[in-house]
Amino acid sequence: MPTPPIDPTTTSAWQALSEHESTLRPDLRTWFAQDPERAQRLTLPLADLTVDLSKNLVTDETIALLARLADEVQLTDRFAAMLAGERINVTEDRAVLHTALRRPAGAQPPLVVDGQQVDEDVQRVLAEVSAFAEKVRSGAWTGVTGERVRTVVNIGIGGSDLGPVMVYEALAPYVADDLEVRFVSNIDPTDLAQKTADLDPTTTLFIVASKTFTTLETLTNARLARAWLWERLVGEGRIEDTDEARRGAVAQHFVAVSTALDKVAEFGIDPANAFGFWDWVGGRYSVDSAIGTSLAIAIGPDAFRELLAGFHAVDEHARTTPFERNVPFLMGLLNVWYVNFLGAHTHAVLPYAQQLHRFPAYLQQLTMESNGKSVRWDGTPVTTQTGEVFWGEPGTNGQHAFYQLIHQGTRLIPADFIAVANPAYPLRDGETDVHALFLANFFAQTKALAFGKTADEVRAEGTAEEIVPARVFSGNRPTTSILAPALTPSVVGQLIALYEHITFAQGVVWGIDSFDQWGVELGKKLALEIAPAVQGDAAALDAQDPSTRSLIARYLELRD
Ligand SMILES: O=P(O)(O)OC[C@H]1O[C@H](O)[C@H](O)[C@@H](O)[C@@H]1O
């Protein structure tokens, strides 16, 4: 039996936080005015990042109580248990060791879990991935006609897609000029069709990325890609129309990443061209495993190692820093404060960096697949709300779309603003530094959200009295500002690890297993059951509930 989670609502800190909340009147204007040190005190370093927590709706007392809560739910012990390889993924009976993927070579003492030399295995696969990436980058690896690879197509979904695509976009300036990576995830055939439409099969390499190598979308897309490759190569007379030639083409144009290397072989990919990882790496925590092979090719193994070093720096920060200065844990507990005490339902992540445009989508899987749970790790119901909705879009696009609701709506929406000081493309508009102008928005938004605009201030601008209420901004809308020097591989690793550990801290408070995802299983199973019905099987159609049956019947009528 797993150790029962500590019910956070029974802790003395929870009680104290409730009382504290009932008397707290958040007033950032006054708090800043009365406390000249507030900004400085609540601005913390995290590796290369500067994290300003001062515009959150907290006082020193709130933070002290959150520290007590972290202590009472044994957050640091649980983090240590994770790092040590204890089976904290209870429902799957697995260790949770994504942090081992970024331990530097030679880290001491070596990590050994259930007899597995974890460090050695991690370094071996990293060396294999690096060597393969070098071969592709140098042109030593070629397709069947001897052409070097120009386009890598990563086929994967969920954690086998979102991490690689997000980091690829974030690090676009680091991508080799003569290489492009495309990402096919959706089983909607449009995805593969469009992404391969203009590709030359002789210069295309497919990476089939799937932890389980059973995922319907990925295996279907991999078969479609294999058929595309064969059809094009045979059709253009590049290879003979024989099984042997087809096998040869797969060997040169397909590699795989998986924990299930036997299934990779069944698909026809040579296990020599497959990169492994382990069941203790969750899909949404796997971009720093061999799942990042497309990235290692695109940005090169050295930059990939820098990415890993960025993750590790944050792991070390989380492991060694006391709560009051521990950025991931503080941010995790701030989220608990907002969700459980101030009633927030959502959390916005707003990168002021176009290259991070997929970061919110990446975080949706990380946070919501991890903490969207109603039972705790011992199977008992949760005792409080869990798992807020994470969402976002890059600034300034979001400003012209949904910020209205954040500024003046009735809901509390804590938001993280992320910016970099040095852009990859320092363009000027005449005399104006465009990136500086961009960041003026980043600074302005958090200021407006925190301090608002009073009715008197609106009136002083000569606004007609009847319009005044519509132009008042209440302020006291909480934000965290994260500023990085530049979007380097290390910084991207730091940002990901930051949110991994925020998610972890929230999960520990709520007593949930943040590493399983049973909630995605039912739909998958039903899709397989429904598949015959949508293909015209009358008995399967009859077996459906009335709504589903009539929807499928209508779909069958609409089909050409
Ligand atoms: O990597 P795979 O085994 O193909 O899994 C891909 C994805 O599918 C699942 O349904 C899970 O919800 C995700 O956590 C996972 O990342």
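Position 1 is the first residue of the sequence; numbering continues from there. In each ligand, atom 1 is the first atom listed, and ligand 1 is the first ligand listed.
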Anything under 3.5 Å between an N or O on ligand 1 and a protein N or O? List each pair with its distance, or write none.
{"residue": "ligand 1", "atom": "1 (O)", "partner": "Ser160", "partner atom": "OG", "Å": "2.6"}
{"residue": "ligand 1", "atom": "1 (O)", "partner": "Lys211", "partner atom": "N", "Å": "2.7"}
{"residue": "ligand 1", "atom": "3 (O)", "partner": "Ser210", "partner atom": "OG", "Å": "3.4"}
{"residue": "ligand 1", "atom": "3 (O)", "partner": "Lys211", "partner atom": "N", "Å": "3.3"}
{"residue": "ligand 1", "atom": "3 (O)", "partner": "Thr212", "partner atom": "N", "Å": "2.8"}
{"residue": "ligand 1", "atom": "3 (O)", "partner": "Thr212", "partner atom": "OG1", "Å": "2.6"}
{"residue": "ligand 1", "atom": "3 (O)", "partner": "Thr215", "partner atom": "OG1", "Å": "3.4"}
{"residue": "ligand 1", "atom": "4 (O)", "partner": "Ser210", "partner atom": "OG", "Å": "2.6"}
{"residue": "ligand 1", "atom": "4 (O)", "partner": "Thr215", "partner atom": "OG1", "Å": "2.5"}
{"residue": "ligand 1", "atom": "10 (O)", "partner": "Lys524", "partner atom": "NZ", "Å": "2.9"}
{"residue": "ligand 1", "atom": "12 (O)", "partner": "Glu369", "partner atom": "OE2", "Å": "2.7"}
{"residue": "ligand 1", "atom": "14 (O)", "partner": "Gln365", "partner atom": "NE2", "Å": "3.3"}
{"residue": "ligand 1", "atom": "14 (O)", "partner": "Glu369", "partner atom": "OE1", "Å": "2.6"}
{"residue": "ligand 1", "atom": "16 (O)", "partner": "Gly159", "partner atom": "N", "Å": "2.8"}
{"residue": "ligand 1", "atom": "16 (O)", "partner": "Gln365", "partner atom": "NE2", "Å": "3.3"}

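In summary, the side chains of Glu134 and Ser130 do not present any donor paired with an acceptor at a separation below 3.5 Å, with no hydrogens or angles considered. When only modelled atom types and interatomic distance are considered, Gln506 and Asn335 share a side-chain donor-acceptor pair under 3.5 Å. Under 3.5 Å, the side chains of Asp7 and Thr383 contain a donor-acceptor pair of N or O atoms. Side chains of Tyr168 and Asn154: no donor on one and acceptor on the other come within 3.5 Å.
A ring-ring contact (aromatic ring centres under 6.0 Å, His included) with Phe515 is found for one member of Trp280, Trp377, Tyr285 and no other, namely Tyr285.
Separation of atoms CZ (Arg102) and OG (Ser289) is listed at 10.5 Å; rounding is to 0.5 Å.
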